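Have a look at the structure below before the remarks.
Below, chain A is the first sequence line, B the second, and so on; all start at residue 1. Computed from heavy atoms alone, side chains included, the values below leave out hydrogens, waters and symmetry copies. Keep in mind that what you see is a predicted model, and the values were worked out from it rather than measured.
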Number of protein chains: 2
Amino acid sequence: MAATIKDVAKVAGCSIKTVSRVINNEPHVTEEIRLRVQNAIRVVGYSPNLAARRLVLQKAYMICLLMYPGFYQPASALLSRIMDIGYSENYDILIEPYYPTHKTSKDRLANMVTARRFDGFVTTPPCDMDGFVADLLITYKIPVVQINPLDRSKNIPYIAGNDYQDACLLTQHLIGLGHRRISFLNGPRNMRSSLDRLHGYRDTLARHGIPYDPALIGNSEFNFDGGYTAAQILLKSPHPPSAIYAGSDEAAYGVIYAAQEMGVQIPAQLSVCGHDDLIFSKTIWPGLTTIHQPIDEITEQAVLLLIDILKGNPPDPLQIILPSRLIVRGSTAKAA
Amino acid sequence: MAATIKDVAKVAGCSIKTVSRVINNEPHVTEEIRLRVQNAIRVVGYSPNLAARRLVLQKAYMICLLMYPGFYQPASALLSRIMDIGYSENYDILIEPYYPTHKTSKDRLANMVTARRFDGFVTTPPCDMDGFVADLLITYKIPVVQINPLDRSKNIPYIAGNDYQDACLLTQHLIGLGHRRISFLNGPRNMRSSLDRLHGYRDTLARHGIPYDPALIGNSEFNFDGGYTAAQILLKSPHPPSAIYAGSDEAAYGVIYAAQEMGVQIPAQLSVCGHDDLIFSKTIWPGLTTIHQPIDEITEQAVLLLIDILKGNPPDPLQIILPSRLIVRGSTAKAA
DNA sequence: CTGTTAGCGCTTTCAC
DNA sequence: GTGAAAGCGCTAACAG
């Protein structure tokens with residue numbers, strides 16, 4: 001049986017309340033007694049019982065990171081930092097998968113919410129696809145911070161990247177290299193980032209007086225197979241593009257694979273860009289030119305923001321957009 | 001304020017003990033009252049308070065997955081399944097990073113153990129590098145299940161793959177393709193899998209009467225940079241290998257990168273194998289021949305095993321080894 | 001500055 | 001078959 005405050009009080013020769021005061025750094029304790037208690041804590045090997053604290057404080061001390069499996073893998077380094085943040089603030093952080101289209105997933109979330117298992121939530125897209133999560137949490141008055149939310153019209157705190165601007169950056173890069181026939185591989189239609197990236201691409205073309213050609217738009221679903229298939233179609237077309245902006249790194253991998261298979265040389269005959277800067281994008285051959293959205297920083301900040309809100313210190317801008325970086329590697333070169 | 005058993009009891013017109021009986025599916029309740037209580041639960045929207053239950057039962061209902069960041073990334077699908085398993089058994093599963101060489105990391109673990117934050121642990125290598133984790137948990141009598149443990153001499157439950165046999169499989173594959181000068185890129189010396197893979201490689205060569213040549217052994221640390229550097233050295237040597245078994249997929253990526261850069265064609269001039277079957281190994285060009293250790297299944301089984309132990313139903317073999325699969329892709333071909 | 005008391009929501013004796 | 005009462009370890013309110 002683990003030691004309790006009673007044991008500590010007995011050893012220190014004081015009441016349990018005094019022990020409680022010392023543990024929680026409350027005032028009104030003489031230095032002498034404080035030291036005596038701290039010593040007693042060490043002697044009996046005491047550490048507070050979380051369940052008891054949670055019960056009496058009516059707080060779960062738990063945060064839920066609601067993630068759509070397949071959308072984005074939290075690298076272990078990030079995970080590590082997030083858990084550290086939680087730990088230092090006394091929160092356990094749980095990563096829960098969530099499929100917005102599965103009824104069981106929704107039911108489970110509803111359970112967790114009504115049971116008040118978590119003090120707050122952080123969500124990734126497309127968990128917020130249909131507004132179910134947001135509505136539920138708002139109804140039960142449970143704080144949320146969204147990562148890259150699909151719908152930014154609601155007044156929910158979020159941390160996000162700037163997909164539109166990022167796409168402009170990438171398109172600009174290709175145009176700067178002399179490319180004029182630039183393909184764009186679109187992603188899922190219900191994803192905000194797909195649309196934003198497409199718009200960035202279109203607007204940048206327009207700004208440079210390059211006409212928009214629907215024949216150059218492929219559909220990749222932002223995954224490998226989609227990129228592979230779309231590239232095959234585009235490269236076999238009578239008037240193929242000189243550059244493909246794949247919309248996502250995974251799709252870009254598919255493009256590169258298809259090109260290699262067809263004997264199309266990258267970047268000599270075809271420039272390829274991705275978008276996301278997955279960890280392997282620097283290790284495939286040739287290195288992939290892409291956009292590095294600071295997703296780790298975004299996630300980290302989302303957790304910090306949520307904790308601030310939970311502590312009752314909501315910072316002033318509750319909605320923050322972080323800038324990205326263009327990463328130029330070997331997969332793009334001057335147009336032939 | 002959420003509803004409690006008291007509220008339910010009031011609505012159902014019975015005592016709280018009866019409500020408790022219904023919640024926990026205990027006998028000695030007439031069907032009529034049971035129904036009345038179940039109805040009342042729905043009416044008041046009751047769900048049990050976990051903290052209270054934890055307090056009175058003296059159980060954390062928490063499992064810790066101790067992971068070495070960088071060793072292995074739990075794919076989100078796996079994560080999803082693990083959380084599901086935990087959820088269905090009423091356990092929260094927390095993923096905690098652990099650096100066996102960091103004092104802060106050890107201190108934190110010690111804290112968690114003494115505070116009895118978790119009912120049990122699952123560890124990945126090399127968390128068990130120095131025996132600290134195992135000793136600590138054994139001292140405090142907290143159940144552990146190890147994944148691919150480095151030291152299997154202790155009597156601790158584990159789920160593991162068979163690195164030795166896997167390496168044999170891969171080496172065999174290369175020899176079967178007619179390769180005789182086969183390089184092996186070693187990993188960290190303190191990792192059991194490095195040694196086992198090396199031994200499998202050596203023994204298989206021996207079985208086929210191929211002499212072991214230390215000049216063909218490179219050091220990759222099982223990562224991209226290591227593989228890249230080692231490949232450069234090997235390929236520039238006067239008598240280069242016709243195949244490189246990279247010891248890990250990440251190292252294999254480095255080998256492929258280096259080869260492409262030097263204009264060495266894969267697989268025509270050089271066959272390359274990895275080991276691990278990371279998710280991107282099928283999407284790089286050419287697809288990587290490798291070993292698929294069922295790491296997802298291993299992890300899943302480890303969690304299930306731990307829960308069985310926690311429930312007091314330890315199954316008979318507490319140490320299980322799961323077989324792997326050879327995955328042949330485009331990166332290996334007949335020797336020239 | 002310190003201690004006593006009550007109670008968070010639940011399960012567990014032990015009567016009835 | 002059912003319920004009253006005690007208590008898990010802690011914090012909050014209130015005396016002293």
Side-chain angles (χ1 to χ4, degrees), chain A residues 1-41 44-62 90 92 111 114-119 311-312, chain B residues 1-38 40-41 44-62 90 92 111 114-119 311:
Chain A
M1 200 75 264
T4 74
I5 36 171
K6 274 189 189 166
D7 302 317
V8 177
K10 211 172 289 171
V11 172
C14 66
S15 77
I16 57 166
K17 178 60 210 175
T18 303
V19 176
S20 174
R21 283 201 181 92
V22 173
I23 295 165
N24 297 299
N25 275 316
E26 283 168 35
H28 308 306
V29 184
T30 50
E31 203 50 33
E32 189 214 329
I33 297 197
R34 189 179 295 274
L35 286 170
R36 225 162 63 205
V37 170
Q38 280 164 344
N39 198 48
I41 287 175
V44 302
Y46 167 81
S47 63
N49 180 311
L50 268 175
R53 201 175 255 177
R54 284 171 167 153
L55 175 60
V56 71
L57 256 29
Q58 303 275 42
K59 258 192 87 165
Y61 285 105
M62 290 245 207
N90 264 311
D92 282 332
N111 264 334
T114 52
R116 295 221 156 44
R117 293 247 324 247
F118 298 100
D119 297 324
K311 290 208 282 193
Chain B
M1 201 74 266
T4 74
I5 34 171
K6 274 190 190 169
D7 302 317
V8 177
K10 210 173 289 170
V11 172
C14 65
S15 76
I16 58 168
K17 176 60 209 173
T18 304
V19 177
S20 173
R21 284 200 181 92
V22 174
I23 295 165
N24 298 299
N25 276 315
E26 286 167 33
H28 307 306
V29 183
T30 51
E31 202 51 33
E32 189 213 329
I33 296 198
R34 189 178 293 277
L35 285 171
R36 225 162 62 204
V37 169
Q38 280 164 345
I41 287 174
V44 302
Y46 167 81
S47 62
N49 180 312
L50 269 177
R53 200 174 260 177
R54 284 170 168 154
L55 176 60
V56 71
L57 256 29
Q58 304 274 45
K59 257 194 86 165
Y61 286 106
M62 290 245 205
N90 264 311
D92 281 332
N111 264 335
T114 53
R116 296 224 157 41
R117 292 243 328 243
F118 298 101
D119 297 323
K311 289 206 283 193

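- A salt bridge does not link A/D119 with A/R54: every distance from a Lys NZ or Arg NE/NH1/NH2 to an Asp or Glu carboxylate oxygen is 4.0 Å or more.
- Looking at heavy-atom distances under 4.0 Å, B/I5 makes contact with a base.
- Between the C1' atom of C/dT2 and the CD atom of A/E31 lies a distance of 16 Å, rounded to the nearest Å.
- For DNA chain C, the neighbouring residues in residues 16-30 of chain B, judged by any heavy atom under 4.0 Å, are B/I16, B/K17, B/S20, B/N24.
- Note: CD (B/E32) to C1' (D/dT2) measures 13 Å, nearest angstrom.
- In this model, the phosphate group of D/dC10 is approached by a side-chain N or O of A/Y46 to a distance below 4.0 Å at OP1 or OP2.
- Rounded to whole Å, atom P of C/dT12 lies 10 Å from atom CZ of B/R53.
- One interatomic measurement links the two molecules: CD of B/Q58 to C1' of D/dG9, which rounds to 8 Å at whole-angstrom precision.
- We find that NZ of B/K10 is positioned 15 Å from P of D/dG3, with the value rounded to whole Å.
- Of all heavy-atom pairs between A/A60 and A/R117, the closest is CB-O, 3.2 Å.
- The local environment of NZ in B/K17 is crowded, with over 12 non-hydrogen atoms from other residues, nucleotides or ligands closer than 6.0 Å.
- Distance check, rounded to the nearest 0.5 Å: OH of B/Y46 to OG1 of A/T114 gives 11.5 Å.
- Taking atom CG on B/D7 and atom C1' on C/dC8, their separation rounds to 13 Å, with Å as the unit.
- Judged purely by atom type and a 3.5 angstrom limit, A/D7 has no side-chain atom pairing as donor or acceptor with the backbone of A/A3.
- Closest-nucleotide positions on DNA chain D for B/S15 and B/L55 were compared, and the one nearer the 5' end corresponds to B/S15.
- Atom CZ of B/R116 is separated from atom C1' of D/dG9 by 15 Å (rounded to the nearest Å).
- Looking at B/I23 and B/V19, their side chains come closer than 4.5 Å, going by heavy atoms from C-beta outward.
- With B/N24 contributing its side chain and B/E26 its backbone, the two residues share no donor-acceptor pair below 3.5 Å.
- When the C1' atom of D/dA12 is taken as reference, atom CG of A/L57 falls 10 Å away, rounded to whole Å.
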